[in-house]
Amino acid sequence: MAKKVLITDDTAFMRMTLRNVLEKNGYEIAGEAEDGQQAVDKYGMIKPDLVTMDITMPNMDGITAIKLIMKQDPNAKIVVVSAMGQKALVIEALNSGAKDFIVKPFQPDRIVEALQKVSSTS
Amino acid sequence: MEQYRDLFLAEARDYLQSMTDHLLELEKDPAETGHLTEIFRSAHSLKGMAGTMGYELISALTHAMETLLDSLRGGSIEVETKMVSLLFEAVDLVQLMVDNLDRQENYRDNVVELEKRLLAWQGKEKEKAKAGDLLTPVDIPQTEIQRPGKQEEKSQPSDTVNITVNITEAFNEYEKELLKDVVAKGEFVYHVHVWLREGSLLKSVRAYMVFKALEGQCEIVKTVPSMQELDEGLFDRDFYLIVAGSPALDEMRRSIEGIAEIERVQITSLQDLVFELEVATTDAVALPVEELDATLPPNDAPARTIAKEMAGLAECREEEAAAPETKKVNTASVTRAAEKTVRVETAKLDTLVNLVGELIINRTRVVELGKRMDDELLHGSLEHLERITTDLQSAVMTLRMVPIKQVFDRFPRMVRDLSIERNKEVELVISGEETELDRTIVNQVGDPLVHLLRNAVDHGIETPEERRQKGKNPVGRIVLEAHHEGSHVVVSVSDDGRGINPEIIKAKALEKGMISREEVEEMTTDELTQIIFRSGFSTSREITDVSGRGVGMDVVKAGVEALNGTVEVKSEKGGGTHFVLRLPLTLAIIRTLMVKAGKEIYAIPIEAIRENIFVEPHEIKTINQVRVITLREEVLPLKSLNEALGMGSFEEEQEVYPVVVVRAGNKKAGLVVDELLGQQEIVIKSLSSFISDIKGIAGATVLGDGRVTLILDVASLLEDGRVSIGKKSSHH
Amino acid sequence: MMGKSENAEVQMVAFKLEKEEFAVAIQQVREVLKMTQVTPLPQSAHFIEGVINLRGEVIPVVDLRKRFELPLGKRNEQTRIIIVEIKNNDVGLIVDSVTEVLRFSASAVQPPPTRIAGTRTDLIKGVGKLDERLLIILDLEKILTTEEKIVMDDITLGDKV
């Protein structure tokens with residue numbers, strides 16, 4: 001069964017890019033969120049297998065969203081999609097429960113690899 | 001990374017302490033070369049550790065110390081006070097940087113300046129020149145290890161790891177210590193080589209994820225390149241770690257490979273090599289590198305390289321063995337108890353203590369309920385439960401116990417510096433430093449002791465001339481001593497100085513209006529002496545920068561009392577001063593006497609209680625509107641507890657009054673209660689800050705039935721003048 | 001976190017003292033207890049009833065009737081202790097009764113009317129309006145950390161609005 005992914009990013013362009021790459025590689029996009037709050041709300045509703053999470057977003061940032069999602073579901077599998085130069089934030093995200101990260105701009109195979117690695121760990 | 005840093009901090013402090021100890025000894029006995037060797041070793045180890053962590057300033061400064069120490073060892077210069085002070089300055093600066101690891105850069109100028117002076121003392125022109133551009137780190141281990149990756153020009157990672165190693169310096173003292181511990185514990189050492197995919201971004205975070213993945217599986221002994229460089233992303237595509245522990249290899253591999261953009265992981269066991277290393281070191285014979293090489297399969301390159309490193313390790317060991325006196329000192333003081341101890345976060349200990357406290361409270365509750373039932377089996381197992389929990393409690397309490405040495409350790413240095421500054425000659429004698437008490441108390445008893453010692457040097461001990469005139473040994477003597485006494489630890493500070501002059505105290509107390517003429521007449525010398533503990537009193541004739549800061553003995557007293565302890569002073573004019581601190585072993589649990597007054601139950605700490613007596617009405621007299629009784633020829637003010645707490649008045653017309661004779665400092669009084677309920681161990685709960693400064697109440701506890709009971713603060717109950725002779729009771 | 005938007009709701013715990021209704025933000029409330037055994041605390045402020053044991057923690061309890069110089073009413077089945085957090089400390093408040101948890105739209109909560117004769121508006125954080133009901137939101141921190149005398153009239157609006 002195809003893995004369900006929730007894409008979180010405030011730019012429509014990034015969401016579209018991610019959607020294209022992931023759908024091509026056999027993932028099902030179960031939802032898109034434009035900010036952290038939406039991600040938290042939608043996580044509860046659609047229970048995706050994987051979440052991609054932007055860090056800097058309006059309303060609620062990615063790190064807060066990760067914390068809240070991890071509270072809801074300690075087994076949540078979240079992959080951070082960060083920009084360059086966000087080292088400290090990425091580390092905070094990892095410490096908050098994110099499983100891995102990739103750096104924008106990313107090569108398609110890297111995001112696929114990251115999601116594969118994350119979903120194969122228990 | 002945090003974990004590694006904590007380890008560095010702990011070990012660095014050990015080395016600094018060892019340097020301080022041996023510097024003091026060296027100054028006393030320059031002929032004893034063991035001290036010099038020990039200081040040298042500590043400086044060297046610190047340098048190595050700092051290098052590994054990428055702390056170049058610490059490593060540069062310790063290097064300069066090493067250079068000076070080396071000349072001392074070679075005999076080209078001699079030990080003298082000024083030089084020891086210079087070395088102490090360096091120890092202090094290193095300490096400062098260790099305490100402020102994040103702000104080391106702020107001390108760059110200090111390091112440059114001090115390094116110049118260290119090298120100038122040593123007098124070698126060549127080294128002086130080096131001082132100019134000091135911050136080219138000198139023979140720091142990792143500079144001799146070629147970093148992985150930098151050499152690797154092929155784009156495909158190959159099985160060969162090109163690490164060339166300068167054998168003797170591959171592992172520094174610190175890492176060697178760790179590896180020795182590992183072997184002794186029967187654990188394993190692995191070489192873990194990690195390659196990232198080409199073009200990986202935020203490489204430092206990848207390295208971080210590797211550390212995080214290994215967390216809890218094993219301990220990282222070393223990384224190449226250093227942690228700092230990994231943290232700054234200063235590596236190409238690969239790095240390696242030496243880890244120790246008993247990890248499950250499959251799991252370790254999977255946890256690293258499971259990280260995105262990790263291309264490959266290679267784990268090589270170094271167990272055989274470590275074993276051979278052990279054999280080599282126990283026999284104090286290092287295997288030739290070639291022989292080690294021969295024992296390995298030819299294609300096992302990383303292991304081979306490490307074999308060389310290990311052989312280097314063995315060589316160092318051999319060097320040590322060749323100098324027998326070195327070894328002696330080594331086992332005496334620097335051998336760390338690492339094989340037998342684990343470092344535990346104090347917060348975890350506190351949680352444990354709290355939980356046991358809860359357990360005890362609930363046990364009491366269960367036992368009380370059990371007593372109501374008539375069931376032999378139940379009673380039997382309850383008894384068993386009581387025994388076990390009591391044992392558990394005392395076992396847990398011992399976990400919090402630390403030797404008072406931790407505080408005492410800093411005093412020899414302090415007394416030395418102070419006596420030089422004040423032109424005094426002082427010998428500090430310390431005994432009983434292995435005496436253990438609660439960590440919280442150890443942490444807080446330092447300040448009062450510092451004050452007492454400073455006073456002793458500053459005001460107690462006379463100048464050498466004065467002492468000669470008096471026919472005393474020109475070298476003054478201060479004795480700092482600790483020992484157990486029941487459930488207390490007694491710490492005393494005694495000096496053989498000029499003592500406290502009661503006449504000066506009398507005059508000053510009168511001048512300040514602290515006592516009246518009539519009171520003075522009635523006071524014994526001993527009572528007069530205790531006035532020094534009252535606030536606003538200080539007998540210092542001249543203001544010195546040490547003791548003349550307006551903090552007096554009242555601060556000492558307050559500090560000790562905050563720990564539920566007491567302090568007393570005994571002194572004779574010309575015959576020295578003797579301070580005695582009595583401290584409880586622990587703060588978390590105390591023995592109390594439970595009493596009833598009015599409708600309420602109160603807990604009185606046992607150590608504040610002298611005795612319990614029953615008083616009949618005809619024994620009570622009234623002097624100056626204060627009720628008193630005479631107990632063994634001593635007049636004792638009497639007050640009902642309810643009255644003292646402002647909760648009621650003295651109950652007249654009773655047949656007999658139960659009285660608890662309490663004491664705080666040198667004040668005594670009889671507290672009349674309604675009923676004596678018996679002794680009980682209780683867990684102290686602090687009151688919220690909202691109500692924490694209530695007079696007469698020290699805290700609260702929760703009894704077996706869930707009710708809150710207040711713990712009395714006898715010192716403050718007696719202090720407010722409500723229960724004291726010669727003063728009108730505030731209620732009359 | 002999310003910014004407050006116009007239609008955001010605030011939740012308040014409503015309680016009664018005499019005939020007046022008060023409210024405290026739900027975030028500030030730890031829990032609500034039935035009246036329990038209170039150990040008196042000697043030599044403390046007169047409005048401090050004492051201390052209670054809340055799951056092993058010792059927490060001070062304030063009698064709000066005493067705080068506002070009201071006649072002491074009989075404690076009964078309705079009497080409650082509201083545990084609130086003030087300056088990182090838990091404090092219990094004894095009130096006549098806790099009525100309910102109310103939802104206000106953010107716009108229904110307004111700052112206190114300024115300058116009303118006989119009312120200490122500095123002790124009031126705001127006023128919540130719900131239909132015909134008027135709930136006063138007290139500045140508990142201010143009220144509990146000063147020893148100055150406060151009477152009921154100081155903190156009610158009466159017919160002044």
**Prompt:** Is there any side-chain hydrogen bond (donor to acceptor under 3.5 Å, both in side chains) pair reaching into residues 39-48 of chain A, and which pairs are they, with sequence neighbours excluded?
**Reply:** A/Q37-A/D41, A/Y43-A/D73
**Request:** May I ask you to test the A/F101-B/L201 pair for a side-chain heavy-atom distance under 4.5 Å?
**Result:** no
**Interface residue of largest heavy-atom contact number with chain B, from A/V79, A/L115, A/N95, under 4.5 Å** = A/N95
**Spacing of CD belonging to B/E261 relative to CZ belonging to A/R110, to within rounding of 0.5 Å** = 4.5 Å
**Request:** Indicate yes or no: at least one non-hydrogen side-chain atom of B/D231 is less than 4.5 angstrom from one of A/K87.
**Result:** yes
**Request:** Kindly write out the residues that satisfy side chain to side chain contact (heavy atoms under 4.5 Å, CB included) with B/S255, not counting sequence neighbours, or none if the list is empty.
**Result:** B/A213, B/Q217
**Asked** Highest number of heavy-atom pairs under 4.5 Å with chain B: which of A/L94, A/V90, A/I102?
**Response** A/L94
**Message:** Distance check, rounded to the nearest 0.5 Å: B/I259 atom CD1 versus A/E113 atom CD?
**Reply:** 11.0 Å
**Salt-bridge criterion met for A/K117 and B/E257 (N-O under 4.0 Å)** = no
**Request:** Could you tell me the separation between the CG atom of A/D100 and the CZ atom of B/R206, rounded to the nearest 0.5 Å?
**Result:** 5.0 Å
